[in-house]
Amino acid sequence: MALEFFNTLSRRAEVFTPLDLEGRTVRMYTCGPTVYNHAHIGNFRAYLFEDLLQRHLEARGYHVLRVMNLTDVDDKTIRDSRKAGRPLADFTQVYKQAFFEDIATLRIRPALHYPAATEDRYIQRMIQMIAQLENQGAAYKAEDGSVYFRLSHFPRYGQLAHLNLEDLRPSGRIRNDEYEKESVGDFALWKAWDENDGDVAWDSPWGRGRPGWHIECSAMATELLGPELDIHCGGVDNIFPHHEAEIAQSECCTGRTFVRYWLHCAHLMVDGQKMSKSLGNFYTLRDLTGRGYTGREVRYALITVNYRLPCNFTLAGLDAARTALARLDQWTARLTEYAGNTAPEPTPLSAASDRFLDLLDDDLNISAALGCLFDLVRDSNKAMDSGALSRGQAASLLQAWTRINQVLAFEPYAQEIPAEIAALVEQRAKARASKDWALSDQLRDKIHALGWSLKDTKDGQKLMPAQ
RNA sequence: GGCGGGGUCGCCAAGUGGUAAGGCUCGGCUCUGCAAAAGCCGCAUUCGUGGGUUCGAUUCCCACCCCCGCCUCCA
């Protein structure tokens with residue numbers, strides 16, 4: 001089948017074709033973190049979905065230009081940097097750094113650009129866009145000095161979330177101090193400085209202040225990717241109002257359709273509930289690695305539920321991920337050893353990699369795709385057990401795995417065997433040759449205590465890092 | 001009140017108008033000096049409830065119950 005994605009805008013699965021048909025380039029913008037603390041695993045679920053999307057597009061021969069923004073100025077970053085008594089840039093730098101470490105841990109492929117809202121280039125772009133909106137009558141300066149987007153200027157507002165503005169019920173989250181606005185739905189483009197902002201301010205035609213959140217993304221996306229994007233992703237909670245606002249601002253400025261495919265990731269649940277600090281089910285990636293889980297285990301646990309479905313995260317699920325990955329490791333290790341340097345030789349089993357990618361074509365149906373992978377694992381293990389698989393065919397299956405793994409990034413960590421361990425293993429081999437089982441067991445315990453596990457196979461000892 | 005997602009084996013989770021993928025757990029077996037690991041086999045006559053359409057529904061229609069999310073700066 002053709003590559004299809006569910007587009008939030010149409011609420012239908014649509015065949016994907018990029019704007020650039022010839023060059024196969026895909027312009028993709030993904031909403032990134034607000035760097036005022038460590039990102040939590042709910043954030044990472046979204047970033048992992050975007051990584052899967054990018055990897056699958058690349059597997060299908062597209063060249064993906066992906067941009068992910070860093071929001072390094074907003075109410076929270078300012079509030080917490082002041083609380084910490086540190087300059088905003090110093091404060092956010094810590095979390096930017098942590099974010100990059102975390103995405104590397106999760107094997108998320110880096111984006112092409114990580115624009116930060118406070119970079120001069122983007123501040124200038126934001127000011128330019130706001131001025132343009134003001135000239136068009138799409139924005140106005142209120143009495144408090146802030147500039148707001150005039151919703152009445154953009155009737156399509158609400159099309160992405162499929163909301164009727166008249167139906168909206170005030171939810172108490174509307175700030176009372178924004179009485180200066182013409183209409184309650186108008187959102188800030190430029191926020192006039194107030195004392196809570198401390199020394200965080202930029203000069204603008206409307207006086208000192210700072211950008212509103214929504215304009216950041218419009219400015220950075222169009223600055224780096226041009227007026228029209230193929231794909232824009234984010235969490236479902238960004239649909240309204242953030243992405244609506246982006247559409248309104250961008251399309252008023254460029255006169256073009258801002259985004260062709262909107263893809264949104266559902267929320268992550270933890271133990272069946274919304275993750276929150278008060279419930280004690282709030283996890284950062286560091287919490288999990290601190291408990292001994294690896295990045296790829298978290299990756300597996302967060303990626304294996306289709307992105308449009310709520311995913312319920314549990315530690316039991318992480319353990320299941322660990323076991324499943326160990327089985328894949330075992331399988332690839334067995335194939336590798338059996339294939340040796342033999343040249344690949346066709347086998348019908350290799351078609352699994354085609355099926356795998358075909359299943360992902362259906363709006364990233366990862367569950368079905370993994371089902372197909374595990375069918376391959378079982379079938380090829382069986383074939384090896386019965387001697388029905390040639391070494392060349394094993395080599396061919398490894399090629400199929402490489403293709404599948406380009407999308408999954410589930411390969412085991414490269415492990416170097418320390419000399420000390422290698423020496424113990426050799427010593428044990430000698431003990432076993434002379435049937436000195438007592439010494440053999442003693443060495444096995446010692447090796448295990450050093451973090452490695454041994455198993456005795458018909459081909460000798462096999463060393464693996466203990467989980 | 002409006003909009004949306006979901007209820008499929010103990011847990012996670014595909015799926016189709018034609019009779020239920022896969023992963024984890026569990027049970028059995030094989031291999032093994034022992035152990036561990038691994039491999040193989042087995043494990044839902046049934047898909048929230050009640051109706052309806054149909055030769056046939058988990059899949060379509062209607063009603064109902066339950067869970068979750070969003071509703072103006074949370075991925």
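Just so we're on the same page: letters track the sequence lines, and every chain starts at 1.
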Between A/D354 and A/R403, does any NZ, NE, NH1 or NH2 come within less than 4.0 Å of an OD or OE carboxylate oxygen? yes
Does B/rG69 have a Watson-Crick or wobble partner in any strand here, with both distances under 3.5 angstrom, and which is it? B/rC3
Touch check for A/I239, heavy atoms < 4.0 angstrom, all strands: base, sugar-phosphate only, or nothing? nothing
Rounding to an integer number of angstrom, what distance separates B/rU19 and B/rG56 when you compare their C1' atoms? 9 Å
May I ask which nucleotide in the shown strands pairs with B/rG17, Watson-Crick or G-U wobble, both distances under 3.5 Å? none
Compute the centroid of each ring, for A/H38 and then for A/Y95, and state whether the two points are separated by less than 6.0 Å. yes
Which nucleotide in the set B/rA35, B/rC71, B/rA13 lies at the smallest distance from any side-chain heavy atom of A/S367? B/rA13
What about A/R327: does its side chain form a donor-acceptor pair under 3.5 Å with the base of B/rG23? no
For the P atoms, the ones on B/rU72 and on B/rC3, what distance do you get once it is rounded to whole angstrom? 16 Å
Lys/Arg-Asp/Glu bridge criterion (N-O < 4.0 Å) met for A/K83, A/D80: yes
Ignoring the backbone of A/A188, work out which of B/rC73, B/rG22, B/rC34 is nearest its side chain. B/rC73
Closest to side chain of A/N381, choosing from B/rA14, B/rG39, B/rC68: B/rG39
Mind checking the C1' distance from B/rU46 to B/rU8? Whole angstroms is fine. 9 Å
Compute the centroid of each ring, for A/H40 and then for A/Y283, and state whether the two points are separated by less than 6.0 Å. no
Mind checking the C1' distance from B/rG2 to B/rG10? Whole angstroms is fine. 38 Å
According to the salt bridge (charged side-chain N to carboxylate O under 4.0 Å, His left out) rule, which pairs have a member within residues 27-40 of chain A, sequence neighbours left out? none
Look through every strand shown and name the nucleotide pairing with B/rA38 as Watson-Crick or G-U wobble, where both distances are under 3.5 Å. B/rU30
Examine the base of B/rC74 for any acceptor or donor lying under 3.5 Å from a partner atom in the side chain of A/K76, and report the outcome as yes or no. no
Any donor-acceptor pair under 3.5 Å joining the side chain of A/R11 to the base of B/rC3? no
Hey, are A/D441 and A/R444 close enough for a salt bridge, meaning a charged N less than 4.0 Å from a carboxylate O? yes
Polar side-chain contact A/R444-B/rA35 base: donor and acceptor under 3.5 Å: yes
Pi stacking test for A/F374 and B/rG22: under 5.5 Å apart, planes under 30°: no
Can you check the distance between B/rG22 and B/rA14, where both ends of the measurement are the C1' atom (answer in whole Å)? 7 Å
Output the single nucleotide from B/rG22, B/rC34, B/rA13 whose closest atom is nearest the side chain of A/D441. B/rC34
When you compare B/rA13 with B/rG17, how far apart are their P atoms, in angstrom units rounded to a whole number? 22 Å
How far, in whole Å, is B/rA37 from B/rG48 if one measures between their C1' atoms? 41 Å
Please report, rounded to the nearest Å, how far the P atom of B/rG5 is from the NE2 atom of A/H267. 15 Å
